[in-house]
There are 2 protein chains.
Amino acid sequence: MGKKRTYRHSKQRQRILELLTGTDKHPTAIWVYDQLRKEYPSLSLGNVYRNLNILVEQGLIKNSDFMGSFERFDANVNPHYHFICENCGSIVDIDMPIENELNDKASKTADISIRYHKMQFYGLCSKCLK
Amino acid sequence: MGKKRTYRHSKQRQRILELLTGTDKHPTAIWVYDQLRKEYPSLSLGNVYRNLNILVEQGLIKNSDFMGSFERFDANVNPHYHFICENCGSIVDIDMPIENELNDKASKTADISIRYHKMQFYGLCSKCLK
DNA sequence: GTTCATGCAAATCGTTTGCACAATG
DNA sequence: CATTGTGCAAACGATTTGCATGAAC
């Protein structure tokens with residue numbers, strides 16, 4: 001039995017979503033907080049976090065994180081891609097050549113100069129496949 | 001004039017590096033700490049962090065971080081790649097198709113099943129190019 | 001009126017730092 | 001002996017949570 005959860009309407013959450021859909025930045029919680037404090041002077045940062053997480057739950061926004069909240073250290077200093085198991089969280093180096101053409105391809109989509117890229121694959125590792 | 005810095009030999013740092021080169025995991029600081037505490041019961045976590053950062057400075061290990069220490073929220077929930085400016089830190093969505101063949105290519109390098117991938121390009125944005 | 005949303009402050013968690021002492025070169 | 005490394009504890013910064021009150025349905 002999944003926990004049931006109902007969402008009520010909230011002006012603050014509504015405005016947070018509007019702020020996010022209205023910008024091409026990738027805002028942090030504090031940015032949202034600073035913007036919205038002008039309209040709701042009593043707004044609390046904790047509530048911004050709560051609503052951002054609810055919007056993620058609802059699938060209305062995405063949280064761009066990477067490998068979780070821990071720093072990870074790697075003695076393999078050569079450029080390489082990573083695989084992250086969605087079930088157990090283990091991280092594996094992927095032994096395939098770097099696709100440098102992607103840098104050129106991506107450069108052409110905007111007025112930017114690209115030096116390198118990082119890539120992470122997500123799925124299930126051998127252990128978790130069984 | 002860059003600040004000069006000399007590194008002395010330290011058994012703890014030596015062992016931290018050995019631990020990292022001897023594993024294919026991508027350890028966190030606490031993992032290293034727990035391993036090494038068996039050998040050095042008085043070891044402090046703060047010192048582990050200090051040494052990990054020194055090893056990164058020396059280019060002997062890598063710190064796999066992503067977009068800095070802040071969570072970033074994005075109302076664009078469609079899969080897309082990101083560009084991150086190395087100078088100003090701004091994040092831009094990259095408007096190019098997802099390279100799904102890469103999932104197959106990467107799957108073949110190990111016994112894993114891949115559902116999707118993320119990619120981040122790094123370089124200079126239009127503002128910082130000038 | 002039951003449940004969810006809010007503000008506030010305190011708590012939590014990963015990481016960094018100040019300090020006094022020990023080890024290195 | 002000048003400088004770096006260490007342990008310890010406190011500080012830090014981003015995020016979460018407990019609690020009492022207010023709003024939604």
Side-chain angles (χ1 to χ4, degrees), chain A residues 1-20 26-58 60-74 89 91, chain B residues 2-20 25-58 60-74 89 91:
Chain A
M1 337 251 76
K3 33 186 151 180
K4 52 183 66 176
R5 176 84 158 85
T6 23
Y7 299 106
R8 299 195 174 155
H9 187 262
S10 135
K11 274 189 178 171
Q12 280 97 327
R13 187 153 65 237
Q14 174 68 26
R15 289 292 295 123
I16 289 174
L17 180 58
E18 285 171 15
L19 274 177
L20 284 171
H26 292 64
T28 62
I30 300 170
W31 183 89
V32 172
Y33 176 59
D34 285 337
Q35 299 297 311
L36 225 52
R37 208 159 27 153
K38 298 163 191 162
E39 298 172 36
Y40 300 92
S42 68
L43 182 69
S44 68
L45 183 55
N47 194 37
V48 170
Y49 276 107
R50 259 187 302 237
N51 278 318
L52 285 168
N53 288 331
I54 288 175
L55 290 169
V56 171
E57 275 173 37
Q58 296 177 316
L60 296 171
I61 64 173
K62 276 202 301 192
N63 183 346
S64 301
D65 59 352
F66 175 38
M67 294 185 182
S69 48
F70 286 86
E71 288 185 353
R72 298 276 184 166
F73 297 91
D74 189 353
I91 301 177
Chain B
K3 34 186 149 179
K4 54 182 66 177
R5 175 83 158 84
T6 25
Y7 299 105
R8 298 193 176 156
H9 186 262
S10 137
K11 275 188 177 171
Q12 282 97 325
R13 186 153 67 237
Q14 175 69 24
R15 290 291 296 124
I16 290 174
L17 180 57
E18 285 170 16
L19 274 177
L20 283 172
K25 299 175 198 289
H26 292 64
T28 62
I30 299 171
W31 183 88
V32 172
Y33 175 59
D34 285 337
Q35 299 296 311
L36 225 52
R37 208 160 26 154
K38 299 163 190 164
E39 298 172 36
Y40 300 92
S42 67
L43 182 69
S44 67
L45 182 55
N47 195 36
V48 171
Y49 276 107
R50 258 185 304 234
N51 278 318
L52 285 170
N53 288 331
I54 289 175
L55 290 169
V56 171
E57 275 173 38
Q58 296 176 316
L60 296 171
I61 64 173
K62 275 202 302 191
N63 183 347
S64 299
D65 60 351
F66 177 39
M67 292 184 181
S69 48
F70 287 87
E71 288 185 354
R72 297 277 185 167
F73 297 91
D74 189 354
I91 301 177

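Letters go in sequence order (proteins before strands), and every chain restarts at 1.
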>> Just the rounded figure in Å: distance from C1' of dT17(D) to CD1 of I54(A).
In response: 14 Å
> Rounded to the Å, how far apart are Y33(B) OH and dG14(C) P?
Replying inline: 13 Å
>> How would you summarise protein contacts on nucleotides 20-25 of chain C per nucleotide, using B for base, S for sugar-phosphate only and - for none, with heavy-atom distances below 4.0 Å?
In response: ---BBS
>> Let's test your reading of the pairing rules: Watson-Crick or G-U wobble, both distances under 3.5 Å, then write DNA chain C as a dot-bracket string with ( ), [ ], | and dots.
In response: |||.|||||||||||||||||||||
>> Please report the distance, rounded to the nearest Å, between CD in E39(B) and P in dG7(D).
In response: 13 Å
> Do any of residues 41-53 of chain B sit with a heavy atom less than 4.0 Å from DNA chain D, and if so which?
Replying inline: S42(B), L43(B), S44(B), N47(B), R50(B), N51(B)
> If only side-chain N and O atoms of Q12(A) are considered, is one of them under 4.0 Å from the OP1 or OP2 phosphate oxygen of dA23(D)?
Replying inline: no
> How about I91(B) and R72(B): do any of their side-chain heavy atoms sit closer than 4.5 Å?
Replying inline: yes
> Over how many whole Å does the gap from E57(B) atom CD to dT16(C) atom P extend?
Replying inline: 11 Å
> With a 4.5 Å heavy-atom cut-off, do T28(A) and E71(B) have their side chains touching?
Replying inline: no
>> Taking salt bridge (Lys or Arg N to Asp or Glu O under 4.0 Å) as the definition, give me every residue that meets it alongside E57(B), ordered by chain and number, with sequence neighbours left out.
In response: none
> Are any non-hydrogen side-chain atoms of I61(B) and D74(A) less than 4.5 angstrom apart?
Replying inline: no
> In whole Å, what is the span from the CG atom of N63(A) to the C1' atom of dT15(D)?
Replying inline: 11 Å
>> Could you tell me how far apart R13(A) (CZ) and dG22(D) (C1') are, to the nearest whole angstrom?
In response: 15 Å
Which atom pairs, one a donor and one an acceptor, fall under 3.5 Å between side chains of residues 29-38 of chain A and the rest of the protein, sequence neighbours left out?
from, atom 1, to, atom 2, distance (Å)
D34(A), OD1, R37(A), NH2, 2.9

> Please walk me through it: do I54(A) and R13(A) pass side chain to side chain contact (heavy atoms under 4.5 Å, CB included)?
Replying inline: CA-CA 9 Å; I54(A) 288 175; R13(A) 187 153 65 237; 3.4 Å; yes
>> Show, in sequence, the C-alpha distance, side-chain angles and deciding distance for F73(A) and H26(B), and conclude whether the side chain to side chain contact (heavy atoms under 4.5 Å, CB included) test is met.
In response: CA-CA 6 Å; F73(A) 297 91; H26(B) 292 64; over 6 Å; no
> Are any of the side-chain heavy atoms of Q12(B) and N51(B) separated by less than 4.5 Å?
Replying inline: yes
> Which whole-number value in Å describes the distance from R5(B) CZ to dT3(D) P?
Replying inline: 13 Å
> Quick one: does P27(B)'s side chain get under 4.5 Å of L19(B)'s, heavy atoms only?
Replying inline: no
> Over how many whole Å does the gap from L55(A) atom CG to dA5(C) atom P extend?
Replying inline: 11 Å
> So which heavy atom on I16(A) is nearest to which on V48(A), and how close?
Replying inline: CD1-CA, 4.2 Å
> Which residues pass the salt bridge (Lys or Arg N to Asp or Glu O under 4.0 Å) test with R8(B), sequence neighbours left out?
Replying inline: none
